[in-house]
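One structure is given here, and the rest of the page talks about it.
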Amino acid sequence: MGFKDKKKEHNKVKNKEKKEDVLNVGGEDVKSISYFQLFRYANGRDKLMIFIGIFGALMQGATLPFMINSMGDMTNIFISLVVNTTLKKITGIQNEDALMDLIKMKTSNDFSQIASFEQKYKIDINKLLEKFKNSEYKDFDFNSAQGNFEFKYIDDIFKDIYKFLLILGIIGVVSFIASFLFYAFLNVSSARQTIKIRSLVYNSLMRQEIAWHEKTSPGELSSRIISDTLLIEEGIGVKLGILLQNVCTFLLCFALALINGFKLTLYMAIILPFLVIIITVMGTVLSKYTKKVQDAYGVVGGIAQEAFSQIRTIVSFGNEQKEIDRYVEKLKPTKKYGIIKAQTFGLCLGALFCVVYCSYSIAFIKGTDFINKGEMDGGQVLKVFMGVMMGAMSISGCGNILNSFGEATGSAAKLFHIIERKPKIDAEVGEKPEKPVSGDIEFRNVRFTYPARPDVEILKGISFICHPGQTVALVGASGSGKSTVVQLLERYYEKSEGEILIDGRNIEEYNIHWIRTQIGLVSQEPTLFDATIAENISIACPNATQEQIETAAKLANAHEFITKLPKGYETSTGERGLQLSGGQKQRICIARALMMNPKILLLDEATSALDNQSEKIVQAALESASSGRSTLVIAHRLTTVKNADCIIVMDKGVIMESGTHNELMAKQGIYYNLVKDQEMKVEEEKQESESEEEYDPDSVAIKPIDINENNENGSEADLINKRETTTLSRIISNISNASFSRRNTTMNSFKSKSSNKNSQPITGGSILTSMDWKRYISYNKPVWWANLLGIIGSCFNGSIQPLFAFIFASAMDVFNKQGQELIDGGRYWGIMFILLGVANFFSFYCQIGGFSTAGEYLSYTFRKEMYNSMIRQEVGFFDTNDIGSGNEGPGGPGPGNASTSTGTLTAKLATEAGLVQGLNINLGSVFEILITIIVGFLIAFLNGWKLTLILMVCVPFLFIGTFLQMGASKNKNEEKRRVLENSTKVAVESLVSVKTVYALNLEDHFRQLYYEKLVEPEKRLERKYYISSVGTGFSNAVAFFAYILGFYVGAKFITNGELEFQNMFKVLLAIIFTATAVGRASSIAPDYDKAAEAFGHVIEIVDRPSKINASDTRGIKDEEFKGEISFKNLRFRYPSRPNVTVLRMGEGKIEVPEGKMLALVGGSGCGKSTIIGLLPRWYDAQHGEVLVDGHRNTDYNIKWLREHIGIVNQEPSLFNISIKENIRYGKEDATDEEIYEAAKKANIHDFIMSLPEKYDTTVGGLGTSKMSGGQKQRVAIARAMVRNPKVLLLDEATSALDAESELVVQKALEEASQGRTTITIAHRLSTIKNADIIVVMKDGRIIEQGNHEELMAKKGEYYDMVLAGDGGVHKAQ
């Protein structure tokens, strides 16, 4: 393969990576940033904190070299002490003056003084010399250049010792202050900066144009904000301090070493290039794979978010396993990358320590040489040795940190890219006129293509005019470009060419926010936010009074059902409004649009989700609301638009015909055919049409109403109408005064109640007790080999530290020797160090490689199992978003209150499993520390039990520091988790409904809300950081005081002859090294804590039994499924609203014979959809039963039962996969032929074939789908058809279709339902007149049932509904 090919290959790979890289959206490359740019969002106070923190870190870095210097000098003093005590021991002379004279004589070889010496001290010199010759000192040259062997008085020695102990004390105090400063300030400043970055990223997301949002998934973005900022916080916090501390230690230690013996230092420095190579390799490999892992997790997060939001679809089609496979497929690479990371890390760290230990052998072999030649003394060798050792150790810890810096800059590059991205459609520019617009709209030759599908032109040069106060209706097949017109008016997109004028000025000239305040939009799929109903209605006008809210609700015909809810206007609507029926949601949306008193009203199928009666009233309300406003209506039901001033018929982006209803009917063109198709024939008896006259609110709505008109002969409808119109004008003047002046201001009055209620801090129970060890061990079984390696590694690693202390102290004793003995000793201990290094290489590789591999496996398993468990939960689990009690305040759901929302579920999936991953490594470290303590104390006790016991006094103090840290960090994690879950919830909610957020100018409202959720726990967190920093300072300082105690007591023991020099050193070093190991435990403790806690959360989710478990193999299956269904005596409440009874059928029952069609009709919220939800067992009724073929539906095997049911919902939920895969969702093993067949039946095949990628076109995510409502609905119908079900459930299956598609689909559905039992819900009665049984429901009860003719004859509720629905179409012809 030539160089060029390689290059091509490389570029291919690179481009592929680019595609995978989540934020290279739309070909936007993310610029990499330098480390210092991470701080670009720090304010003055943060910078000051960083500065003080860095100062502290540098001070802390300097403490070690100063200590080494003192230790070196101490060694020389101790050698003098050893000489003093040994001489006393050999000679038996305790008088120091005598000894002094004796040594002078011996060194000067002047024995003339012997007589006077013997006389003065009464000592027999010959005996003395005899003793000397037999002692180890016989060859000692007390005069040698080494100079340590000069004899000193004991008092002078102790004076020196006290001086150095004082120095050590000062260093200890400095260390306490410095480490407190740097831990506290860097932690706090990094936390504050990340809060700022999160809020800036979110602010920027709320500024980007819709086209950009369509290329990213909301779940992915919101999990990005979390995971990436956590990495940034790591990178700019304490780790920065630790790095600087290490660099400072490194420089000062090497300086110290060079001053004391540059030759020896240079010999030892041979290892530096090796260290650099190892660290570089480690850094590169780790950062490469970390990035891959991050990206993979981003994708996986998006999948989970999508699945949880569409759980009903997944459940209905029995595709839990398919979703799990889709998730696991994308999750698999993370395990592989993780294991590569673990192995690299283990190998490199092992190699690092091996090299360092080998350098110690150089120090001893060469050092003893230099001492022998008289070029250095023992103290200097020690300084060089300790200097190089500590210097190298400190720099070796940096690889890891630089790695986090790399991760931080990588993550920041993406986030900063979002923060700085200039939206293509800038909402801040443009002018804001003083006066509201008058509402003149003109389209001139407008062409448009969606950025996501540049090769399909949607609008092909359309032109029309809407004068102020006029109503223009757009009708036509779905996908003909009707909604696109609305989206262009809202400035979601930029048109390709042509002009859109408002009041004669180009729409681009206006400020976007301002123009949106002039436009009220009610769209096809109603979007509500997770707040109370009152807050939802007044969300765009935060200063509205309760009265104004209620008036708007009355106008939208919503007041009545709201007041019936237990908490009335204070009822929470749940995530994405899931707690309310479609019609109820839509009416709240209409009320919300009317609150703004807009000059232009855009109704994109505003009434499609309503039943006939609500539609009638809402329609009347909308018509009166649109008086004096320019209104653009898109409607599939033509009855709703016949009063429009102009009706425009569109097809495939072209205007086919336009005119008033009568003109178009006269033409007998496309429109005429559409109307004909939609009509419903009522038996036209005379009296009926008369009653119709009275009953037709339409005719009334058109008459201008004079308030003072004498009211005697007006019908009831007149009265209602009048009342509505007057209230309307009143509310309009009220609202416009209230809202217009303030609409552009920020909304801070809308604060979620939750933020105040739940601010109590959390206290945690003990971790060790709450951890389920048995379970944990069973999870580890498949990777027992990796754990075994890890444990073996930990044992060795644990014993290496104390063994090192032992070898080191024994080697130090060599400095008390001279001549050949000195040289041999150096060689011997040098070899011991090399052996220690090799052992350390293997132990490190085993420990880290083993445990990390196991950790990666566990993380993968837990994510898989949690997802598996979540997906298999009953639908109720996803609704139990605690409604408005304020408990959804900051904080993840504790075991006590399981309030969930998809945002927090995905957040849990991401954070918990990741935390548990570290548990093995942490357990390994705990194990290692236990071994260290055991071996360390063993060595200490064997070498000097008295000194050991005295030093034990310091141990509790070491632990105090550790516990302070643990306590503070435990709750810190809780708080952090809360911040993240709550803010994610806000982010997900606003990103999923980003179009609605923009249309209502809610960007600031959500920014404010998001910011509050982020900042709320900030103060508590900061306090915790300060407490844990005191702990850190404390544990750092205690070591110095332990040295002081050890040296002092040791010196006394040596003086009294109770302890040998080398034993004292062994005890001291063993205890100190053991203590530092325990100090390391303190850094692990919080991680261990987090991990064990997270494991608890994981198990809680994995173990939660699904109340309706689809994977349960029990139950009836494999008998002939006919499809006779009956519903008896049902009573039902939603788990999320346990005190609202939705169905109360009492003794009533509904029977559907095999192959017949049942239609459920009634006002929205009367329990129709609930009945449909009970059959496939989304929920189970609390009372009564659902029978299928004579057995209760609970007796069947769920999966088998659901396989025979096809379902089409009101809001079509499609997945972000190709159209083909979406249809295949209904039947896993469907062939392509079956898919095409189903698509043809659903009348969507031709449309799909017209797309550039045909069946492989991806559909787009939740809030930003690339298909129109009708197209999505037809795909959903195809999905239901492909399984060829025995029972077909149609919940408003055609509400999103225009007249033409509706007819075709209706026909398709009718054909499809041949020979199938069908239950259908429809608000358009024309679609169900052929049903075998029609059941009319109201407030959860059955009011009447029968077929169309029977019910018409009864002249009850149904009759009224038919009349209301069909109103004036007949007369119009």
Side-chain angles (χ1 to χ4, degrees), residues 67 70-90 135-137 148 154 157-158 160-162 164-165 168 172 364 378-379 382 385-386 798-817 825 828-829 832 836 929-959 1038-1079:
M67 188 188 99
S70 313
M71 295 264 293
D73 296 340
M74 288 289 269
T75 314
N76 286 348
I77 297 167
F78 268 93
I79 290 177
S80 303
L81 183 64
V82 171
V83 171
N84 182 310
T85 49
T86 315
L87 280 176
K88 285 181 182 172
K89 208 159 62 185
I90 293 171
S135 79
E136 54 185 306
Y137 278 18
N148 317 12
I154 199 90
I157 292 176
F158 268 92
D160 284 347
I161 287 182
Y162 292 144
F164 282 113
L165 293 185
L168 277 179
F364 275 95
L382 185 77
F385 171 70
M386 295 278 279
S799 22
I800 278 175
Q801 283 283 347
L803 281 176
F804 172 66
F806 178 80
I807 295 177
F808 185 47
S810 316
M812 292 269 297
D813 197 44
V814 174
F815 295 155
N816 293 333
K817 309 272 192 299
Y828 173 74
W829 290 113
M832 293 304 281
L836 199 62
I929 285 156
L930 283 176
I931 301 269
T932 306
I933 291 172
I934 294 166
V935 179
F937 278 115
L938 202 66
I939 291 177
F941 272 111
L942 292 177
N943 283 292
W945 61 272
K946 278 190 188 168
L947 180 58
T948 307
L949 287 176
I950 292 174
L951 281 174
M952 296 273 282
V953 176
C954 300
V955 173
F957 291 106
L958 282 175
F959 283 123
V1038 167
F1040 290 103
F1041 294 106
Y1043 277 122
I1044 293 175
L1045 186 66
F1047 278 130
Y1048 176 70
V1049 177
K1052 284 286 186 219
F1053 280 159
I1054 292 178
T1055 317
N1056 305 341
E1058 290 182 46
L1059 198 61
E1060 289 277 305
F1061 168 77
Q1062 66 161 336
N1063 291 1
M1064 180 204 97
F1065 242 89
K1066 279 178 194 164
V1067 172
L1068 190 58
L1069 287 177
I1071 295 275
I1072 297 287
F1073 278 9
T1074 307
T1076 30
V1078 175

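Numbering starts at 1 and runs along the sequence shown.
The CD1 atom of Ile800 lies 9.5 Å from the CD1 atom of Ile807; values are rounded to the nearest 0.5 Å. Between Leu947 atom CG and Lys1066 atom NZ the span is 13.5 Å, to the nearest 0.5 Å. Taking OH from Tyr1043 and CG from Leu165, the interatomic distance works out to 13.0 Å, rounded to the nearest 0.5 Å. Of the inter-residue distances, the one linking Leu942 atom CG with Asn1063 atom CG reads 10.0 Å to the nearest 0.5 angstrom. Atom CZ of Phe806 and atom CG of Leu938 lie 11.0 Å apart (nearest 0.5 Å). Annotation: the span from Ile77 atom CD1 to Ile161 atom CD1 amounts to 6.0 Å, rounded to 0.5 Å.
When all heavy atoms are compared, the tightest approach of Pro802 to Ser799 is CD-O, 3.3 Å. Nearest heavy atom pair, residue Ile1044 against residue Leu168, reads CG1-CB, 3.7 Å. When all heavy atoms of Ile939 and Ala1070 are compared, the pair lying nearest together is CG2-CB, 4.2 Å.
Evaluation of the salt bridge (Lys or Arg N to Asp or Glu O under 4.0 Å) test over residues 798-807, restricted to residues two or more places apart or in two chains, returns none. Listed by first and then second residue, the salt bridge (Lys or Arg N to Asp or Glu O under 4.0 Å) pairs that reach into residues 801-811 come to none, sequence neighbours excluded.
Aromatic ring orientation, Phe158 versus Tyr1048: perpendicular (interplanar angle above 60°, classes split at 30° and 60°).
Every residue two or more places apart in sequence or in another chain that forms a side-chain contact (heavy atoms from CB on, under 4.5 Å) with Leu1045 is listed here: Ile950, Leu951, Cys954, Val1049. Listed by chain and number, the residues in a side chain to side chain donor-acceptor pair (under 3.5 Å) with Asp73 are Lys383 (sequence neighbours excluded). Judged as a side-chain contact (heavy atoms from CB on, under 4.5 Å), and not counting sequence neighbours, the contacts of Phe937 are Ile933, Phe941, Thr948, Met952, Val955, Ile1071, Thr1074.
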Let me have the donor-acceptor pairs involving side chains of residues 1052-1061, under 3.5 Å, with sequence neighbours excluded, atom names and distances please.
residue, atom, partner, partner atom, Å
Thr1055, OG1, Ala1051, O, 2.5
Asn1056, ND2, Lys1052, O, 3.3
Glu1058, OE1, Lys946, NZ, 2.6

*Please step through ring pair (Phe, Tyr, Trp, His ring centres under 6.0 Å) for the pair Tyr828 and Phe364, ending with a clear verdict.*
CA-CA 9 Å; Tyr828 173 74; Phe364 275 95; over 10 Å; no

